[in-house]
2 protein chains.
Amino acid sequence: MTEALQLHLGAFARLTDDDRARLARIAARHVREIGPRRDLVREGEKPRAMILILDGWAATYKQLRDGRRQITSFLIPGDPGDANVFVLARLDHSIASITPVRYAELSQADFDALVVESPSIARALWGHELATASIHREWVLNVGQRTAFERIAHLVCELFWKLEAVGLTQGFRCDWPLTQADIAEATGLTSVHVNRTLQQMRREGLIEIAGRKLAILNLARLQCVASFNPDYLHLGGGAADLGSSSRQGQ
Amino acid sequence: MTEALQLHLGAFARLTDDDRARLARIAARHVREIGPRRDLVREGEKPRAMILILDGWAATYKQLRDGRRQITSFLIPGDPGDANVFVLARLDHSIASITPVRYAELSQADFDALVVESPSIARALWGHELATASIHREWVLNVGQRTAFERIAHLVCELFWKLEAVGLTQGFRCDWPLTQADIAEATGLTSVHVNRTLQQMRREGLIEIAGRKLAILNLARLQCVASFNPDYLHLGGGAADLGSSSRQGQ
DNA sequence: CGGCAGATTGATTGGGGTCAAGGGCTGTGG
DNA sequence: CCACAGCCCTTGACCCCAATCAATCTGCCG
């Protein structure tokens with residue numbers, strides 16, 4: 001199931017059938033599986049391979065010596081971990097699974113071959129890297145300026161749009177394997193406060209989380225209170241139009 | 001004076017004299033100057049060119065509709081703005097000068113030529129992009145988990161190391177054109193609280209800021225209280241060693 | 001039927017925000 | 001060379017959002 005991967009990268013460059021086949025072939029090469037809540041790679045390690053998430057959710061995180069942890073992004077099916085591997089000496093962050101995860105490992109040789117053989121794929125990977133940086137900037141804004149309520153609303157919007165882009169939503173519902181502690185680590189809050197804030201969002205008829213599933217009851221209003229503008233996700237061609245229309249919602 | 005640029009990119013790939021000449025030539029092509037506190041490019045614009053800072057300080061920032069502003073990175077001489085230009089449809093952030101700034105604009109044609117003619121430069125730009133993403137992750141950690149005191153100490157360390165890498169320090173001193181409001185916008189604090197925190201850092205004999213100049217009085221201790229580990233800056237070969245030694249300081 | 005992870009609740013605290021008023025430096029114009 | 005303006009820094013008093021601490025509750029799994 002590399003469909004998500006295709007969809008994801010397809011947002012950044014027009015891929016030919018040939019490209020798609022190539023991607024599928026390489027992604028099928030070194031597939032691994034791992035249980036929930038385990039590290040795929042660890043900060044400080046010498047990078048061995050680039051990771052492509054095929055199935056399940058993961059998170060990248062950084063940690064201070066005293067235990068404070070900050071999740072810096074979530075990885076869903078189709079997301080490449082970053083290409084640190086091929087230029088930088090050491091990994092600056094860890095990646096951990098949230099659910100059980102199936103993922104592919106691209107060796108440097110695989111990566112080089114892919115990039116040389118297909119300029120489109122190279123361009124798509126480049127685009128993905130830029131989009132990732134953009135998302136990181138939005139997270140800095142999120143954690144630096146927004147209130148708890150806005151932060152969580154924003155995170156929910158972001159993940160919903162990302163899932164939507166790879167076909168993993170059903171109407172206004174989707175999987176939601178994150179614990180309140182996960183949300184806390186991603187937003188720089190405590191799980192206690194996340195709990196109270198989620199209750200408030202439920203009371204206001206914005207969202208509903210139950211049984212590892214999320215339902216968005218009022219997307220327009222959720223995006224409005226989060227001052228969420230999906231442009232920063234750079235989700236393919238349609239994004240610009242959707243973005244401008246959602247801006248009016250504010 | 002493209003020396004800083006050479007030094008900066010040289011950290012990510014071995015550049016030949018030829019590469020250096022090429023860089024210097026292109027950077028000299030479209031040079032512009034701009035006064036302090038003005039926007040170089042604005043969020044939402046269609047990107048026209050990639051920016052290379054030749055002289056002066058700038059900041060990238062994002063803004064919410066109600067005026068809350070978050071600085072997401074500082075640009076010093078030698079820093080390229082990111083290469084959004086060539087893949088993404090719209091800029092997701094603005095860039096503003098802090099001091100008067102001299103900068104070069106690379107058109108897409110310039111960029112393509114550079115990348116095609118020199119794989120080393122392409123690799124260096126790629127490396128810079130990855131390092132930028134890494135710095136963003138550290139900022140998320142900074143704003144999400146650290147206390148005000150730690151955040152500011154961390155920011156000071158980061159800028160000092162970056163300046164050092166391009167030869168813009170004198171011993172433990174360097175230029176410091178940032179106002180307390182700038183620091184506040186970069187750390188997600190208010191300028192009032194930045195003020196009080198800086199006073200505390202001065203009282204504790206860590207740093208001294210006066211007349212747009214910074215003096216670091218005790219770098220080891222400053223890095224320690226900030227839990228600063230320079231690895232994430234990916235500053236060329238030496239960084240790994242320096243990083244591990246500074247880790248012992250903790 | 002325990003055991004455990006995750007969700008929930010209450011009471012209390014505290015870091016940092018807000019508001020408002022001065023103080024100082026520096027550049028500019030007279 | 002002085003005077004004023006504007007930006008920045010500084011200070012004080014007060015407030016509030018979110019953290020902390022400490023149970024309790026719930027649902028799931030073996």
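This is a predicted model, so every value here is computed, not measured. Here is the naming used below: chain letters follow the sequence lines, and residue numbers restart at 1 for every chain.
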| task | Remember a base hit wins even if backbone is also touched, and classify B:Arg37 as base, sugar-phosphate or nothing at under 4.0 Å, heavy atoms. | result | nothing
| request: Using a 4.0 Å heavy-atom cut-off across all strands, classify A:Arg146 as base, sugar-phosphate, or nothing. | output: nothing
| Given atom CD1 of B:Ile98 and atom C1' of D:dC7, what is their separation to the nearest angstrom? | 16 Å
| query | Looking at A:Thr179 and A:Arg212, what are the two nearest heavy atoms and their distance? | reply | CG2-NH1, 4.3 Å
| query | Which whole-number value in Å describes the distance from A:Arg212 CZ to D:dC28 P? | reply | 10 Å
| query | Heavy atoms under 4.0 Å, any strand shown: does B:Thr190 hit a base, just sugar-phosphate, or nothing? | reply | base
| Is the B:Phe160-B:His154 ring centre distance short of 6.0 angstrom? | no
| said: Heavy atoms only, 4.0 Å cut-off, all strands: where does A:Arg202 land among base, sugar-phosphate and nothing? | reply: sugar-phosphate
| request: By nearest nucleotide on DNA chain D, pick out whichever of A:Val192 and A:Thr147 is the more 5' one. | output: A:Thr147
| request: Mind checking B:Ser191 for me? I need base, sugar-phosphate or nothing, with any heavy atom below 4.0 Å counting as a touch. | output: nothing
| field | Spacing of A:Gln145 atom CD relative to D:dC17 atom C1', expressed in whole Å | value | 15 Å
| Does the base of C:dG15 carry an N or O that pairs as donor and acceptor with the side chain of B:Arg196 under 3.5 Å? | no
| Across the strands shown, which category fits A:Gly188 at heavy-atom distances under 4.0 angstrom: base, sugar-phosphate, nothing? | sugar-phosphate
| query | Between atom CD1 in A:Ile183 and atom P in D:dA18, what is the gap in whole Å? | reply | 15 Å
| query | Is a side-chain donor or acceptor of A:Thr169 paired with a backbone partner of A:Phe172 at a separation under 3.5 angstrom? | reply | no
| Which part of the nucleic acid, if any, lies within contact of A:Leu198, taking any heavy atom under 4.0 Å across all strands shown: a base, the sugar-phosphate backbone alone, or nothing? | nothing
| query | When the distance from CD of B:Gln200 to P of D:dT11 is rounded to whole Å, what number comes out? | reply | 13 Å
| query | Tell me: CG of B:Asn195 to P of D:dC7, nearest whole Å? | reply | 19 Å
| Base, sugar-phosphate, or nothing for A:Thr197, non-hydrogen atoms under 4.0 angstrom? | nothing
| message | Which residue in the set B:Arg137, B:Gln145, B:Glu138, B:Arg146 passes side-chain hydrogen bond (donor to acceptor under 3.5 Å, both in side chains) when paired with A:Gln70? | response | B:Gln145
